[in-house]
Amino acid sequence: MPFCIYGEKGSCQSSATKMILPKKSLILIQILCFLALYFHHQPCSLAIDEYEFVVKEATYTRLCSAKKILTVNGQFPGPTIEAQHGDTIYVNVYNQGKQNITIHWHGVLQPRYPWADGPEYITQCPIKPGGRFRQKIIFSTEEGTLWWHAHSDWSRATVYGAIIIHPKVGTRYPFPKPDAEVPIILGEWWKEDITKVLQQMHDTGGDPNISDAFTINGQPGDLYPCSKQGTFKLTVDRGKTYLLRLINAAMNIILFFAIKEHNLTVVGVDAGYTKPLSSEYVTISPGQTIDALLSANQKPDLYYMVARAYSTGSNHHFDNTTTTAIVQYKGKYSNPTSSSSSSSSSSSLPSLPFYNDTNAAFSFLGGLKSLADKKHPIDVPLHIRNRIFTTISVNSFPCQDNNNCAGPNGTRFAASMNNISFVNPSTALLQAYYQHTNGVYGDNFPDMPPFLFNFTDIFLPLNLETPKRGTEVMVLDYNTTVEIVLQGTALMGGIDHPIHLHGNNFYIVGFGLGNFDIYKDPLKYNLKDPPLRNTVSVPINGWVTVRFKADNPGVWLLHCHIDRHMTWGMKTVFIVKDGDQPEERLLPPPPDMPRC
């Protein structure tokens, strides 16, 4: 590990607010690092980054109208966090907003330290207006692109930003070093206040209002009204290569992304390296990240960068607009051609699969493979101790007080895993577990569906649509090996589900359409070089199998990253028990944990 101290001259550069250490402390640290180098023959690392996150409202104008949105430090998107492989950083979160807030470090494993993971009422109580919380972020195996976002109500619509984890000093990317690196964050924008969108969904029991625009780095792009001037532009030199760090921060939609007349070479996903995959487009679900190389190898001109929805729900309305940015080559060239930003015709845009093209979406996803070489080995569990088969369904509840709700047939929308619609506790589940508090949660999340039926039949009995409510978790022994089959159902017509696991990555060993076949499908598993991710897309009326080792003690949320589904109850929790050795046990909580 490299020795890195942020002292008087600030020898290490990043966007962080550095902790400036006094000279006496620097001398002491240098002596300790010299001893480490002398006796262990390794340089030491003590890079301490302190970030200040002030959550506050700021006014932004999009789509011809201004509104106040929740931000970090007044920025939208929020500030980028940069670190090196294996670093530990601290983020001082100060809530100057009008509502409760939590921040989640998406994809950061936080070994033995779920206290700063962030999901509201799962690992912590929210930071109340005027409150503070110093969050310790522990990087371990991650390398590449992740992101951070609010994890309370729907605040993450505008409270999000990139996390970039560089290789440690003395190591390199497993691909040619790019000439520049650029975060590309895809999002959604509502003209209405997002808290009102959520409240209306709660009040009516129906679908939320769809977004008014998608965004690239916070800008809708020049196909929307009053948006051309702010369109994000990426200026490139012909012959150079750019590492695009793609993040899907959208609330409720999977996206296709492409650049006119340019292929993208994917080299990493979810802060892990992959075999190079060249593609005309990518499919990226909410929560996922993709590292892709862009070679500026076309004639100097202006080229559209675009993203639009991939949506399969038969009865679901969605935002069918297209967000744009511009790849702009340096130099002098003639008047813009058909590929330039001056034209909004379809011929100027890159070709993307149709909105509901499941084959195209999963053709790309199925092409992703782990690097799986000597320098980047993989460890796919082969002998499974815990097998879990869970349905993931959109459901409905009867309307309360006999009112006519806006869900199907006058009901209220719901969602479930194994027919349990998760109910958040009124206190933090992690603290209840740590303090042995009874009555906060149950430990009876089933490892099989309570009802076995033809999950993907288009004609299903209405009684299957109503789940049970509960706060049920699954308890896992430390270091046990886990296989989860995530089975989509056709209840309410079915739709794709991006499922995210906190505190762990998993290998995606198989996926398919229709019902999982316990006899045939495991024979086709990829156990050689499956992709390692923290978020997996389960195809509409299909299935995915993931495997991981439960070697991170703590309380970890598993949920759909389409926020309306998570709000409706599509989530559960894994509690991974302590191991026998001290280094296998949950670390104690920080002294400033927010109180409920």
Side-chain angles (χ1 to χ4, degrees), residues 114 117 119-123 151 381 384-395 397 414-434 436-453 455 464-489 491 497-506 516 518 534-536 538 543-562 565-578 586:
D117 188 47
E120 185 179 39
Y121 296 114
I122 303 300
T123 61
H151 213 302
I384 303 300
R385 291 181 58 190
N386 288 77
R387 296 184 185 275
I388 303 165
F389 185 101
T390 179
T391 53
I392 46 177
S393 305
V394 175
N395 305 97
F397 285 121
S416 67
M417 300 184 70
N418 268 351
N419 207 47
I420 297 176
S421 186
F422 192 90
V423 177
N424 273 349
S426 58
T427 189
L429 201 153
L430 170 60
Q431 294 180 21
Y433 166 69
Y434 189 74
H436 306 287
T437 304
N438 294 324
V440 175
Y441 64 89
D443 59 3
N444 294 313
F445 184 82
D447 57 10
M448 286 289 291
F451 308 110
L452 296 178
F453 56 96
F455 303 115
L464 294 174
E465 293 181 357
T466 305
K468 294 182 178 180
R469 291 185 174 95
T471 310
E472 298 294 337
V473 310
M474 176 167 283
V475 179
L476 299 172
D477 289 331
Y478 179 82
N479 230 25
T480 191
T481 50
V482 182
E483 178 181 282
I484 309 175
V485 177
L486 298 157
Q487 174 69 61
T489 75
L491 293 171
H497 298 288
I499 303 296
H500 171 51
L501 177 59
H502 291 226
N504 295 270
N505 291 324
F506 43 62
F516 176 75
I518 193 173
N534 60 61
T535 305
V536 62
V538 181
W543 58 272
V544 164
T545 301
V546 301
R547 289 183 175 186
F548 68 98
K549 181 180 289 186
D551 56 2
N552 191 8
V555 172
W556 306 110
L557 183 63
L558 177 72
H559 66 93
C560 183
H561 221 284
I562 291 178
H565 295 168
M566 182 173 67
T567 301
W568 291 337
M570 192 179 289
K571 54 187 174 182
T572 188
V573 170
F574 288 130
I575 294 180
V576 180
K577 297 193 293 187
D578 284 346
L586 189 65

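Because only heavy atoms are used, hydrogens play no part in the values below, and waters and symmetry mates are left out as well, while side chains stay in.
For the pair Ser421 (side chain) and Ala415 (backbone), a donor-acceptor distance under 3.5 Å is present. Between the side chain of Thr481 and the backbone N or O of Arg385, at least one donor-acceptor pair lies under 3.5 Å. When atom types are taken as modelled, the side chain of Asn419 and the backbone of Pro450 share no donor-acceptor pair closer than 3.5 angstrom. With Asn505 contributing its side chain and Phe548 its backbone, the two residues share no donor-acceptor pair below 3.5 Å. Not a single donor-acceptor pair under 3.5 Å links the side chain of Thr471 to the backbone N or O of Val440.
In this structure, the side chains of Ile122 and Asn424 come closer than 4.5 Å at one or more pairs of heavy atoms. Put simply, the side chain of Arg387 reaches to within 4.5 Å of the side chain of Glu483, judged on heavy atoms. Here the side chains of Pro498 and Ile562 are in contact, with some heavy-atom distance below 4.5 Å. Side-chain contact between Ile575 and Tyr441 is present, with at least one heavy-atom pair separated by less than 4.5 Å. A 4.5 Å side-chain heavy-atom check between Leu486 and Thr390 finds at least one atom pair inside the cut-off. Residues Phe516 and Phe455 fail the side-chain proximity criterion, which asks for heavy atoms closer than 4.5 Å. At least one side-chain heavy atom of Leu464 sits less than 4.5 Å from a side-chain heavy atom of Leu491.
Residues passing the side chain to side chain donor-acceptor pair (under 3.5 Å) test with Asp443, sequence neighbours excluded: none. Take Asp551 and apply the salt bridge (Lys or Arg N to Asp or Glu O under 4.0 Å) test, not counting sequence neighbours, and it matches no residue. Under the salt bridge (Lys or Arg N to Asp or Glu O under 4.0 Å) criterion, Glu465 pairs with no residue at all, not counting sequence neighbours.
For Pro119 against Leu557, the heavy-atom pair with the smallest separation is CB-CD2, 3.9 Å. Across Pro553 and Lys577, no two heavy atoms sit closer than the pair CB-O, 3.9 Å. Among all heavy-atom pairs drawn from Trp568 and Ala414, the shortest one is CB-C, 3.6 Å. Among all heavy-atom pairs drawn from Asn552 and Tyr478, the shortest one is N-CE1, 4.3 Å. Nearest heavy atoms, Pro114 versus Leu586: CD-CD1, 3.2 Å. Residues Tyr121 and Pro425 come closest through the heavy atom pair O-CG, 3.3 Å.
Among Leu501, Val544, Asp447, Val546, the single residue meeting the side chain to side chain contact (heavy atoms under 4.5 Å, CB included) criterion with Ile484 is Val546. Results of the side chain to side chain contact (heavy atoms under 4.5 Å, CB included) test with Leu558 over His500, Met417, Lys571 single out Met417 as the only residue that passes.
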Open item on the list: For a side-chain contact (heavy atoms from CB on, under 4.5 Å) check, start with the C-alpha distance between Phe445 and Val473, then their side-chain angles and the critical distance, and finish with the verdict.
Closed with: CA-CA 5 Å; Phe445 184 82; Val473 310; 5.7 Å; no
- [ ] Under the side-chain contact (heavy atoms from CB on, under 4.5 Å) rule, what do Val555 and Val573 come out as? Steps first, then yes or no, please.
- [x] CA-CA 7 Å; Val555 172; Val573 170; 3.5 Å; yes
Open item on the list: For a side-chain contact (heavy atoms from CB on, under 4.5 Å) check, start with the C-alpha distance between Thr437 and Gln431, then their side-chain angles and the critical distance, and finish with the verdict.
Closed with: CA-CA 8 Å; Thr437 304; Gln431 294 180 21; over 6 Å; no
- [ ] Please report the C-alpha distance between Thr572 and Glu472 in whole Å, then the side-chain angles of each, then the deciding distance to 0.1 Å, and finally whether the side-chain contact (heavy atoms from CB on, under 4.5 Å) criterion is met.
- [x] CA-CA 7 Å; Thr572 188; Glu472 298 294 337; 5.6 Å; no
TODO: For side-chain hydrogen bond (donor to acceptor under 3.5 Å, both in side chains), just list the numbers for Thr123 and Asp117, CA-CA rounded to whole Å, side-chain angles, deciding distance to a tenth of an Å, and then say yes or no.
DONE: CA-CA 7 Å; Thr123 61; Asp117 188 47; 4.8 Å; no
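The number of heavy atoms from other shown groups lying within 6.0 Å of CZ (Phe451) does not exceed 12.
One distance of note links OG of Ser393 with CD of Gln487; it measures 9.0 Å at 0.5 Å rounding. Expressed to the nearest 0.5 Å, how far CZ of Phe389 lies from OG1 of Thr545 amounts to 8.5 Å. How far CD1 of Ile392 is from CH2 of Trp543: 13.0 Å, rounded to the nearest 0.5 Å. Note that CG of Asn444 is 12.5 Å distant from CG of Asn418, once rounded to the nearest 0.5 Å.
Residues Asn386 and Thr480 have side chains that bring a donor and an acceptor to within less than 3.5 angstrom of each other.
Proximity of the aromatic rings of His559 and His565 is defined here by a centroid distance below 6.0 angstrom, and this criterion is not met.
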